[in-house]
There are 2 protein chains.
Amino acid sequence: MVRKPTSKETTRKPNMREAILAAAEELFATNGFNAVSVRDIAQAAGANPGSVTYHFKTKDGLLLEIYRRHCGPMNLRRSELLAAAKRVRDLQDRLEAIVRAYVLPAFTSGSDLAGGGARFTRLRAVMSAEGNEVARKIIAQTFDDTSHAFIDAIHDSLPHIPRTDIVWRSHFLLGALYYSLVTPDRVSRLSRGEADGGDPANAIEQLVQATVAAFQAPALDQAAPARRKTVASSKT
Amino acid sequence: MVRKPTSKETTRKPNMREAILAAAEELFATNGFNAVSVRDIAQAAGANPGSVTYHFKTKDGLLLEIYRRHCGPMNLRRSELLAAAKRVRDLQDRLEAIVRAYVLPAFTSGSDLAGGGARFTRLRAVMSAEGNEVARKIIAQTFDDTSHAFIDAIHDSLPHIPRTDIVWRSHFLLGALYYSLVTPDRVSRLSRGEADGGDPANAIEQLVQATVAAFQAPALDQAAPARRKTVASSKT
DNA sequence: ATGTGATTTGTACTATCGTACAAAAGATCA
DNA sequence: TGATCTTTTGTACGATAGTACAAATCACAT
């Protein structure tokens, strides 16, 4: 009898489900949700359109599963890094460590599932921009806890800044983070090739430094109240 | 015979073309390009689907016209404000004025066509995230000049910061700006109602203050070279 | 009022969408 | 091997997409 080595090297894709997930992730992240058809995804994954329906029932179900797959590990990693960051004594160093703990898991390479990955972050950016319903629900109930934890930690290291200001600035951080992953080529273009917007290490360092400084800016209430409208007309 | 008052209060829309443009702008900005059908736009504008084809030929043509309509006036306004900002003597004040000159036209109310408007900026954010082809072409050839002008002006007021760093930070500024317009509700939610993310004046002040501080951060080359990886593991 | 050009309507065509479902193929184990 | 369950394929259906186009309607100069 010819011994079949259980399940190895058949014509069958070893894990079609994963291939579909990966293909969908990439396509959604670069083109948006509605611009990508189930057939596009199937073709990119080397699968049959019907296979997508079989594994994920609907297109929304596919997106949902992508989120489920990443949210847990990513938040876990962030929590670990945050916990370590909070143990840093020096306040300046601690703030930087906290920001880095927030940024790093969002940037780590796409092939690394456990770390979250830039691809998933870019996906989140696109879904957020498109106002995707499925994404909005998951985000609100999955990331808000983490966001609060980070805001609290930052607030602890910057006690003299009102919480409101910290919320705004962390909001800006997320926007900058998203945008860096969405259009990294713009950095390369504007710097006339002197900087590589696609280099994660570079982006992280730039983002962390800029953000730390932004957090350390004086509070708005007491900041330059007489300097308002130095130049701009009062339109609004 | 029933007298029809020549051309007053007829059933005909006074300017259907404008109505279609406005409706498309709003729908694209909130749902993305592909999620909105020509029929959706027509219905929102109180028009017939065929009317859209008549005025703009294709759906892409409609998007193109929206950009054409806004880019000119918005860049003009920015140039004016930038010119005024560059005349400010004090370097700190000048930097703030420059940033404000960049941010203000992007935020001014949507009904104000000449000023650009938040609606159009939100549209740009969404198109950028979706990687829309039409938008990308226009953006690159319309906004890059303005961006360079602002980067140069900022560099003049911060001579000790490398141009590369300034490019990165202005990139972050645009990302933060976009994100503030895309999901203002997130700010309200995270601040537990203490801040209104939808209030433009508030957003502008927060964004300007944070950004000015970010620009003023020490240059990356000389910034804390020994502090790297205080906490984070070296995954990448 | 009437003819003319501009605009709006109504409708239809083709392509593609998400999804369903039966049949085929592969895997698993008695 | 043959039965059974899981996965993949092929195909089809109804809905909706973008767009084209002829007919109807309007504004307006004559």
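Just so it is clear: chains get the letters A, B, ... in the order the sequence lines come, proteins before strands, and each one is counted from 1.
- Remark: side-chain polar atoms of R78(B) are paired, donor with acceptor, to backbone N or O of Y102(B) under 3.5 angstrom.
- Atom pair R17(B):CZ and dT7(C):P shows a separation of 9 Å (rounding to whole Å applied).
- Within the 4.0 Å cut-off from OP1 or OP2 of dA6(C), not a single side-chain nitrogen or oxygen of H55(B) is found.
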(message) Within the 4.0 Å limit for protein heavy atoms, which parts of nucleotides 12-24 of chain C are touched? Write it as a string from 5' to 3', B for base, S for sugar-phosphate only, - for none.
(response) B----BBB-----
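- Applying the salt bridge (Lys or Arg N to Asp or Glu O under 4.0 Å) test to pairs two or more places apart or on separate chains, none has a residue in residues 33-58 of chain A.
- Across the protein-nucleic acid pair, E18(B) atom CD and dT8(C) atom P stand 12 Å apart, rounded to whole Å.
- Side-chain contact between R68(B) and I138(B): absent, with no pair of heavy atoms (C-beta onward) separated by less than 4.5 Å.
- Between the side chain of S170(B) and the backbone N or O of V167(B) there is at least one donor-acceptor pair closer than 3.5 Å.
- Atom CD1 in I139(A) sits 10.5 Å away from atom OG1 in T183(B) (nearest 0.5 Å).
- Distance Q43(B) CD to dG18(D) P: 14 Å, rounded to the nearest Å.
- Residues satisfying the salt bridge (charged side-chain N to carboxylate O under 4.0 Å, His left out) test with D144(A), not counting sequence neighbours, are R189(B).
- Atom OH in Y54(A) sits about 13 Å away from atom C1' in dA25(C), given to the nearest Å.
- Distance L62(B) CG to dT19(D) C1': 14 Å, rounded to the nearest Å.
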